[in-house]
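What follows is a single structure, written as structure tokens, with notes after it.
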Amino acid sequence: MEQHARRGRSTLTRRRYDESDVRIRPGKGTRPRTKTRPEHLDAERALVVSVDRGRWGCMVLDGQPGERLVVAMRARELGRTPIVVGDHVGIVGDTSGTHDTLARIVRLEERTSVLRRTADDTDPFERIVVANATVLLIVVAAAEPPPRTGFVERALIAAYVGGLKPVLCVTKSDIADPSTFTAHFDGLDLPIVTTGVEDDLKPLLEHISGTMSAMIGHSGVGKSTLVNRLVPDAYRATGRVSGVGKGRHTSSQSVALALPGGGWVIDTPGVRSFGLAHIGVEDVVAAFDDLTEIVERCPRGCGHLGAPEDPGCAFDQLEGAVLRRAMAVRLLLEALGTNDPW
């Protein structure tokens, strides 16, 4: 009996486990993450035509007749990458454009130009106003409200540095003669067009047809009237492309509208300030090819403002047309150093 008991105990010997018997599932924080991201080769190319608090209106550019407006969100892999009106993007997901559908922006194409500004000259944070515009329409009124050279000069600086071609557009020319005001910019070879209610828009269309143009100006200068003349269906189109978010009022956001003859015009909200904290003196001069070699003859640290601030500036030794250009640029540099209310 004792022998039988010993035999029973031997059959109940506890098993010895080793590491092969233990399976540990890694937690979320320790799982290896791949750095490989999908290439989204099937992404459709689109133009951003509106932005409204986390939702982007994207017009699909597939070359097919008709327009397809797609509402999209920014994909997680893009992080906080700023996407603005005028950007070319790649979108995936539901790109049908039907009501209550949502696509994803997965790619941002390289920009050809950028219009930037800051809140004021002490704000280091740059805000991208529009991207990929070829022409900047600087809209001022000949009267009511009166035009301000300071605003135009600052807008010109932003255009030259950002790689845009500026065009000065004067509205309400039927109320007052703008010639005295426009003469202020003679040395810059700046195209100037008048767009009073009785003026033909053909000269303006010669500058913007077939291109991407952006329009900036103060509230009350007649931008809305001008947009409605350029795009007769602008009111309906604006309501359509701006209604992609949570109902923000149309006048508080930029909207890109298709021109009937081809091209796009971006209508931006009325400007209250145009800070240029991100732009330096050399940035402005570098925008003028005929002056870049001349400034090399200036003393070190020259601000190109002339005496008494900058005695010995090479601008003061010029003659003829290049002198007129240098003096016009000097006015821009003076505007860069002051930000008086307009």
Using atom types as modelled and distance alone, determine if a side-chain donor or acceptor of Asn228 lies under 3.5 Å from a backbone N or O of Thr225. no
Heavy-atom nearest pair, His278 first then Arg117, reads CE1-CA, 3.7 Å
Please tell me if the side chains of Val170 and Pro147 come closer than 4.5 Å, counting only heavy atoms from C-beta onward. no
Under a 4.0 Å threshold between the charged nitrogen and the carboxylate oxygen, would Arg330 count as salt-bridged to Asp316? yes
Mind checking whether Thr268 and Leu115 have side chains closer than 4.5 Å, heavy atoms only? no
Is there side-chain contact between Ile83 and Leu78, with at least one heavy-atom pair below 4.5 Å? yes
Under the side chain to side chain contact (heavy atoms under 4.5 Å, CB included) test against Arg154, which residue among Leu276, Ile279, Leu332 passes? Leu276
Please confirm whether the backbone N or O of Trp264 pairs with a side-chain atom of Ser213, one donor and one acceptor, at under 3.5 Å? yes
With rounding to the nearest 0.5 angstrom, report the CG to SG distance, Leu204 to Cys169. 5.0 Å
Within the structure provided, determine whether Arg324 and Asp186 are in side-chain contact (heavy-atom separation under 4.5 Å). no
Can you give me the closest heavy-atom contact between Arg229 and Thr195, atom names plus distance? NH1-O, 3.9 Å
Under 3.5 Å, side chain of Arg74 to main-chain N/O of Trp56, donor-acceptor pair present? no
Separation between CG of Leu156 and CG of Leu168, rounded to the nearest 0.5 Å: 7.5 Å
Can you tell if the side chain of Leu164 reaches within under 4.5 Å of the side chain of Val135, non-hydrogen atoms only? no
Quick check: closest heavy atoms across Val139 and Phe151, and the distance to 0.1 Å? O-CE2, 4.1 Å
So, the side chain of Ser113 versus the backbone of Thr134: is there a donor-acceptor pair under 3.5 Å, distance only? no
So if you build clusters from Ile, Leu, Val, Met, Phe, Trp, Tyr with side-chain heavy-atom gaps below 4.5 Å, do Phe185 and Leu323 land together? yes
Taking Asp87's backbone N and O only, do any of them form a donor-acceptor pair with Arg111's side chain (distance below 3.5 Å, no angle check)? no
Does the Thr171 side chain pair with the main chain of Val221, one donor and one acceptor, at a distance under 3.5 Å? yes
Dump the intermediate steps for side-chain contact (heavy atoms from CB on, under 4.5 Å) on Leu61 and His88, then the final yes or no. CA-CA 9 Å; Leu61 305 174; His88 289 107; 3.7 Å; yes
Atom pair OG1 (Thr182) and CG (Asp177), whose distance is rounded to the nearest 0.5 Å: 7.5 Å
Check for a donor-acceptor pair, side chain of Asp94 on one end and backbone N or O of Leu102 on the other, with a separation under 3.5 Å. no
Indicate the atoms forming the closest heavy-atom contact of Pro232 with Pro260, along with that distance. CD-CG, 4.0 Å
To the nearest 0.5 Å, tell me how far Ile157 CD1 sits from Leu336 CG. 5.0 Å
Applying side-chain contact (heavy atoms from CB on, under 4.5 Å), run through Leu226 and Leu201 and close with a yes or a no. CA-CA 9 Å; Leu226 181 57; Leu201 293 182; 4.0 Å; yes
Could you go through the side-chain contact (heavy atoms from CB on, under 4.5 Å) check for Leu230 and Leu205 one step at a time? CA-CA 8 Å; Leu230 291 170; Leu205 291 171; 3.7 Å; yes
Looking only at atom types and distance, does a side-chain atom of Thr95 sit under 3.5 Å from a main-chain N or O of Val92, one as donor and one as acceptor? no
Counting neighbours of CD on Glu144 that are heavy atoms of other residues, nucleotides or ligands and sit closer than 6.0 Å, is the number greater than 12? no
Check Asp267 with Lys223, please: is the shortest side-chain N to carboxylate O separation under 4.0 Å? yes
For Pro82 and Ile128, work out which heavy atoms get closest and say how close. CG-CD1, 4.4 Å
For the side chain of Asp310 and the backbone of Cys302, is there at least one donor-acceptor N/O pair under 3.5 Å apart? no
Go through Thr112 and Met212 one step at a time and tell me if the side-chain contact (heavy atoms from CB on, under 4.5 Å) criterion holds. CA-CA 11 Å; Thr112 58; Met212 175 82 71; over 6 Å; no
In terms of hydrophobic clusters joined by side-chain contacts under 4.5 Å, are Leu190 and Val285 together? yes
Could you check whether any side-chain heavy atom of Glu77 comes within less than 4.5 Å of a side-chain heavy atom of Val106, counting everything from C-beta outward? yes
Considering all heavy atoms, the nearest Val84-Val130 contact: CG2-C, 4.1 Å
Do the side chains of Leu188 and Ile192 join up, straight or via other hydrophobic residues, at under 4.5 Å, putting them in one cluster? yes
Atom pair CD/CG of Glu282 and Leu333 - distance to nearest 0.5 Å: 9.0 Å
Are any of the side-chain heavy atoms of Arg55 and Met73 separated by less than 4.5 Å? yes
Within the 4.5 Å heavy-atom criterion, are Leu291 and Ile294 side-chain neighbours or not? yes
Would a single hydrophobic cluster contain both Phe181 and Ile175, if residues Ile, Leu, Val, Met, Phe, Trp and Tyr are joined by side-chain heavy-atom contacts under 4.5 Å? no
Starting at CG of Leu47, measure out to CD of Glu109 and round the result to the nearest 0.5 Å. 10.0 Å
Are Leu108 and Val70 linked, directly or through intermediate hydrophobic residues, by side-chain heavy-atom contacts shorter than 4.5 Å (ILVMFWY only)? yes
